[in-house]
There are 2 protein chains.
Amino acid sequence: MANAEPGQPGTATRILDVAERLVQVRGYNGFSYADVADELKMTKAALHYHFASKAELGEALIERYSLRFFEALAAVEERTPDAPLRLHGYAGLYAQVLRDHRMCLCGMMVADYETLSPPMQDAVVRYIQDNRQWLSGVLSQGRDVGTLVFDGSPGDVASMIFGALEGAMLIARLQGDVSGFESSVERLLASLLPLARSSARSAS
Amino acid sequence: MANAEPGQPGTATRILDVAERLVQVRGYNGFSYADVADELKMTKAALHYHFASKAELGEALIERYSLRFFEALAAVEERTPDAPLRLHGYAGLYAQVLRDHRMCLCGMMVADYETLSPPMQDAVVRYIQDNRQWLSGVLSQGRDVGTLVFDGSPGDVASMIFGALEGAMLIARLQGDVSGFESSVERLLASLLPLARSSARSAS
DNA sequence: GTCTATACAGCGATAGAC
DNA sequence: GTCTATCGCTGTATAGAC
């Protein structure tokens, strides 16, 4: 609790780093304590000292991922008050994940949802709700000032965007490059711009 | 091979039925031969008689799912030559899956992609390509006759639609009802209609 | 075609020494 | 905080009787 991002990462952090990548690549049910231990040249027992159970490790993974993600989102908000640019920045965070050949951690967890512990399930649901809420806020704001145009409730559009983004990540990962993802996202966001229906070049 | 849909399903079919549902709900790494055997009141050994390995069972699952899906798609094509209605029918197939509280089988397999056998990976990739190709065809046709309007290549739009659909399924499954999925799909398809940018009520 | 029985590796998890 | 050692269980898979 006393260290946010120290010079040398502590053991718990290194465990989380490895486990996070494994979940993002192989899924929650596709990795084991042994995988993490081997990579860190530790024993499984040592891992259990830091995270008593796999479910606790899973909770910590979602918590940290969510925290970092919304910190990065706050930075996006600081960079620009423009709603379309904020959406672009939002998508950019996911593009960055994909560039690392990873799927969104919580997107993976959603796929494995039925096999997760109740606390993990709750954490995943919270992450999704928070995403929707953030998107809803940006959408409302953009519509209010006329930089975004859409029918229906901001919440519905937010759900659509979030789902489309997760799905685009899932699929784009198979092709090894992010261009497919970026193309889909650009198309999606362009449909929210005024003057849509023509050539859809927009944000930088 | 001699029976397509007989009166009493054979053992292999019953195994596939149970395993299919388990994959769609829990993921490929979230179920075991024991789960299937218990449900069918058989032994694991009996399962191995029909499907020598889990990977072979997995291949058979993807093959059958893909076959059935594109048969259903052919039926959609027979019902209407109208591109927007065909897209609506396409999405309806996935809505039906969701109504059963299941995720798309191949969507689940995509999440577990890195842990699949090479033949399973190939089968999943083929399913996605076939989806894209079908969508591309409908999109081209619709654009040619003016019932659909979009920028860029049909292939890019097809990828976007497919990804968005899979993502919407993944997320909608958590909420227990299909209304969120249908809302997202309707919004997505509406953006391809001429006259978009107004109230987006369309197909029945 | 299904069974019993079993092999054998891997899993998450614990005990106790250091 | 990490180790060795091990437990109990589940995983996929096989041998051989019926």
Side-chain angles (χ1 to χ4, degrees), chain A residues 1-3 6-23 25-62 108-109 112 114-121, chain B residues 1-3 6-23 25-62 108-109 112 114-121:
Chain A
M1 276 296 177
N3 61 338
Q8 253 75 289
T11 305
T13 298
R14 282 161 56 230
I15 294 170
L16 287 170
D17 289 343
V18 172
E20 182 176 79
R21 197 191 66 249
L22 287 171
V23 171
V25 172
R26 303 174 52 90
Y28 182 73
N29 294 321
F31 88 103
S32 70
Y33 268 46
D35 295 327
V36 181
D38 287 354
E39 198 158 333
L40 292 175
K41 283 173 186 153
M42 296 169 52
T43 59
K44 292 185 292 173
L47 299 192
H48 278 284
Y49 170 82
H50 297 278
F51 301 96
S53 68
K54 196 183 177 186
E56 279 179 41
L57 172 56
E59 290 174 55
L61 285 173
I62 302 172
M108 277 304 222
M109 295 291 194
D112 293 329
E114 292 293 330
T115 71
L116 303 182
S117 71
M120 286 183 67
Q121 293 185 335
Chain B
M1 276 296 176
N3 60 339
Q8 254 75 292
T11 304
T13 298
R14 282 161 56 231
I15 294 170
L16 287 169
D17 289 342
V18 172
E20 181 176 78
R21 196 191 66 250
L22 287 171
V23 171
V25 172
R26 303 173 52 89
Y28 182 73
N29 293 322
F31 89 102
S32 70
Y33 267 46
D35 296 326
V36 180
D38 287 353
E39 198 159 332
L40 293 176
K41 285 174 185 152
M42 295 170 51
T43 59
K44 293 181 287 174
L47 299 192
H48 279 284
Y49 170 81
H50 297 278
F51 301 97
S53 71
K54 197 184 176 186
E56 280 179 41
L57 172 57
E59 290 174 55
L61 284 174
I62 302 171
M108 277 305 223
M109 295 290 195
D112 293 329
E114 292 293 330
T115 70
L116 304 182
S117 70
M120 286 183 66
Q121 293 185 336

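Every chain is numbered from 1 and lettered A, B, ... according to where its sequence line falls, protein lines coming before strand lines.
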Distance, rounded to the nearest Å, where A:Leu22 contributes CG and C:dC11 contributes C1': 15 Å
Nearest whole Å is fine: how far is D:dT10 P from B:Phe31 CZ? 17 Å
Distance check: side-chain N/O of B:Thr43 vs OP1/OP2 of C:dC3, anything under 4.0 Å? yes
Between NZ of A:Lys44 and P of D:dC9 the distance, given in whole Å, is 16 Å
Answer yes or no: does a side-chain N or O of A:Thr11 lie under 4.0 Å from OP1 or OP2 of D:dT2? yes
What's the closest nucleotide to the side chain of A:Ala45 if the choices are C:dA13, D:dA13, D:dC3? D:dC3
Can you tell me the distance, in whole Å, between the CG atom of A:Asn29 and the P atom of D:dG11? 11 Å
So do A:Leu16 and A:Phe51 actually touch side chain to side chain, heavy atoms under 4.5 Å? yes
Separation of A:Tyr33 atom OH from D:dG11 atom C1', in whole Å? 19 Å
With a 4.5 Å limit on heavy-atom distance, are the side chains of B:Leu22 and B:Arg26 in contact? yes
Atom CG of A:Leu40 and atom P of D:dG1 are separated, to the nearest Å, by 15 Å
Starting at atom CD of B:Glu56, determine the distance to atom C1' of D:dA13, rounded to an integer number of angstrom. 12 Å
Is there a side-chain contact between A:Tyr49 and the phosphate of D:dG1, meaning an N or O under 4.0 Å from OP1 or OP2? yes
Are B:Leu57 and B:Tyr33 close enough that some pair of their side-chain heavy atoms sits under 4.5 Å apart? yes
Given C:dT2, is OP1 or OP2 found less than 4.0 Å from the side-chain N or O atoms of B:His48? no
Out of C:dT2, D:dT2, D:dT12, whichever nucleotide has its closest atom nearest the side chain of B:Met42: C:dT2
Regarding the side chain of A:Lys54, the nearest nucleotide among C:dG12, C:dC11, C:dT2 is C:dG12
Once you apply a heavy-atom cut-off of 4.0 Å, does B:Phe51 come out as touching a base, just sugar-phosphate, or nothing? nothing
Using a 4.5 Å cut-off on heavy atoms from C-beta on, say whether the side chain of A:Asp35 contacts that of A:Val18. no
Counting the atoms with a prime plus P, OP1 and OP2 as sugar-phosphate, which does B:Ser32 contact under 4.0 Å by heavy atoms, base, sugar-phosphate, or nothing? sugar-phosphate
Side chains of A:Tyr28 and A:Met109, heavy atoms from C-beta outward: is any pair under 4.5 Å? yes
